[in-house]
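Have a look at the structure below before the remarks.
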Amino acid sequence: MLVCLILATCTLHIHAKKETVQKMYMFGLSASFKDSVVYITDIQEVKDVWYDTKTKFLLGRENYSSQLSQYLTEQKGQKNRTSIVMFSLDKKKLDKKLSTMKQLYTVKSKGKFDVRYLTATDFAFQTVELNFDDEDPKLIKAHRKEQLAAIKAAERQEKLAAKEAKREKKRQKKALKEQKKAQKELKKNAQKTK
């Protein structure tokens, strides 16, 4: 699940029409592979953001993600977190995405995550100024490499979580079987004593 979100934030270096839009709606999500704490921000309206009209992508997404990571490091003492930004020009569509994320990390995960919500008074995204004349292909390549490493780490984490869930299911099944066996033994012994 987290892998899909990380993939969605990968930077693409495509020559397309880049323009600012008056307002963009976005929320952030931050998780760590070291604990079960997940931070989710409110949907926020950010003004004058750069937008790629061809790919329909928010430009500078990594800068917005970094703002959230930096806030969590400095204000909450939460270091080494993977943060992503979900965005849309349509607030209703983004509301649906936010609802899906909340459900994913609360209801569907059955309490495996400690979800903490950040309001706009706790954390607010700031407009990122971009200079496209200074785009350095080496930095873009290094950034992609970092994101691929994060994706691989997320995939490993998901595999480990799946294996652990499978083990836990087997343990529960075994415990239930032993409990039923013990109940049968008690009934059997109770009937013998009568």
Side-chain angles (χ1 to χ4, degrees), residues 1-32 37-76 78 81-109 113 115-137 139-148 150-151 154 158:
M1 291 175 241
L2 191 57
V3 173
C4 294
L5 294 173
I6 292 171
L7 279 171
T9 63
C10 286
T11 303
L12 298 174
H13 187 62
I14 298 172
H15 295 289
K17 188 173 181 191
K18 299 165 185 164
E19 63 180 44
T20 57
V21 290
Q22 288 185 342
K23 62 183 174 183
M24 176 74 71
Y25 298 99
M26 60 180 77
F27 72 88
L29 185 141
S30 184
S32 174
V37 178
V38 175
Y39 288 93
I40 301 175
T41 71
D42 285 344
I43 291 178
Q44 300 174 20
E45 181 182 302
V46 182
K47 297 189 182 296
D48 300 322
V49 299
W50 283 94
Y51 183 67
D52 187 323
T53 56
K54 183 176 180 182
T55 62
K56 308 272 190 244
F57 259 40
L58 171 68
L59 299 172
R61 292 176 308 288
E62 64 279 354
N63 295 316
Y64 291 103
S65 298
S66 293
Q67 287 178 21
L68 179 56
S69 293
Q70 187 175 358
Y71 167 81
L72 292 170
T73 298
E74 293 173 2
Q75 301 299 319
K76 302 284 186 184
Q78 297 283 324
R81 302 193 67 79
T82 301
S83 299
I84 62 162
V85 173
M86 304 295 283
F87 60 91
S88 180
L89 292 169
D90 184 347
K91 190 174 184 201
K92 287 182 182 179
K93 285 183 181 178
L94 198 61
D95 274 329
K96 286 181 182 179
K97 284 183 185 178
L98 178 59
S99 178
T100 301
M101 290 295 113
K102 284 180 177 179
Q103 213 170 13
L104 178 70
Y105 285 101
T106 55
V107 178
K108 290 183 180 179
S109 68
F113 297 100
V115 179
R116 299 178 188 177
Y117 299 100
L118 298 173
T119 64
T121 55
D122 296 326
F123 167 78
F125 289 108
Q126 302 300 316
T127 301
V128 172
E129 296 295 325
L130 297 176
N131 184 353
F132 296 104
D133 296 333
D134 297 337
E135 286 184 352
D136 183 358
L139 289 176
I140 292 169
K141 189 174 181 179
H143 181 69
R144 283 187 188 152
K145 193 174 181 178
E146 286 175 12
Q147 288 184 328
L148 286 173
I151 290 167
E158 283 184 12

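Distance CE/M86 to CG/L94: 7.5 Å, rounded to 0.5 Å. Taking CG from L118 and OH from Y71, the interatomic distance works out to 5.5 Å, rounded to the nearest 0.5 Å. For the atom pair CD of Q22 and NZ of K47, the computed distance is 8.0 Å after rounding to the nearest 0.5 Å. Once rounded to the nearest 0.5 Å, the distance linking CG of D48 with CD of E129 reads 8.0 Å. To the nearest 0.5 Å, the span separating CG on L68 from OG on S30 amounts to 5.0 Å. Rounded to the nearest 0.5 Å, atoms CD (Q70) and OG1 (T73) are 7.5 Å apart.
Take Y117 and apply the ring-ring contact (aromatic ring centres under 6.0 Å, His included) test, not counting sequence neighbours, and it matches no residue. Take Y64 and apply the side-chain hydrogen bond (donor to acceptor under 3.5 Å, both in side chains) test, not counting sequence neighbours, and it matches no residue.
Using a 4.5 Å heavy-atom cutoff, the side chains of L89 and M24 are in contact. Looking at heavy atoms from C-beta onward, K93 lies out of side-chain contact with Y25 at the 4.5 angstrom threshold. Residues V49 and V21 have side chains in contact (heavy-atom distance under 4.5 Å, counting atoms from C-beta outward). Between Y105 and L29, the closest side-chain pair of non-hydrogen atoms falls below 4.5 Å. Between M101 and V38, every side-chain heavy-atom pair lies at or beyond the 4.5 Å cut-off. In this structure, F123 and Q75 have side chains that are not in contact, with every pair of non-hydrogen atoms separated by 4.5 Å or more.
Under 3.5 Å, the side chains of S65 and S83 contain no donor-acceptor pair of N or O atoms.
Using a distance-only test at 3.5 Å, with no hydrogens or angles considered, a donor-acceptor pair links the side chain of Q67 to the main chain of Q126. At distances below 3.5 Å, not a single donor-acceptor pair connects side-chain atoms of S99 with backbone N or O atoms of D95.
Heavy-atom minimum distance, R61 versus V85: O-CG2, 4.3 Å. The shortest non-hydrogen separation linking L98 to I43 is CD2-CG1, 3.7 Å. In plain terms, the two heavy atoms of R81 and S32 that are nearest each other are NH1-CB, 3.4 Å. Here the shortest heavy-atom pairing between F57 and F87 reads CA-CZ, 3.8 Å. Across every non-hydrogen atom of A120 and D42, the tightest pair is N-OD2, 3.5 Å. Between Q44 and T41, the shortest heavy-atom distance links the atoms NE2-CB, 4.2 Å.
Applying the salt bridge (charged side-chain N to carboxylate O under 4.0 Å, His left out) test to residues at least two apart or on different chains, the pairs with a partner in residues 116-126 are D114-R116.
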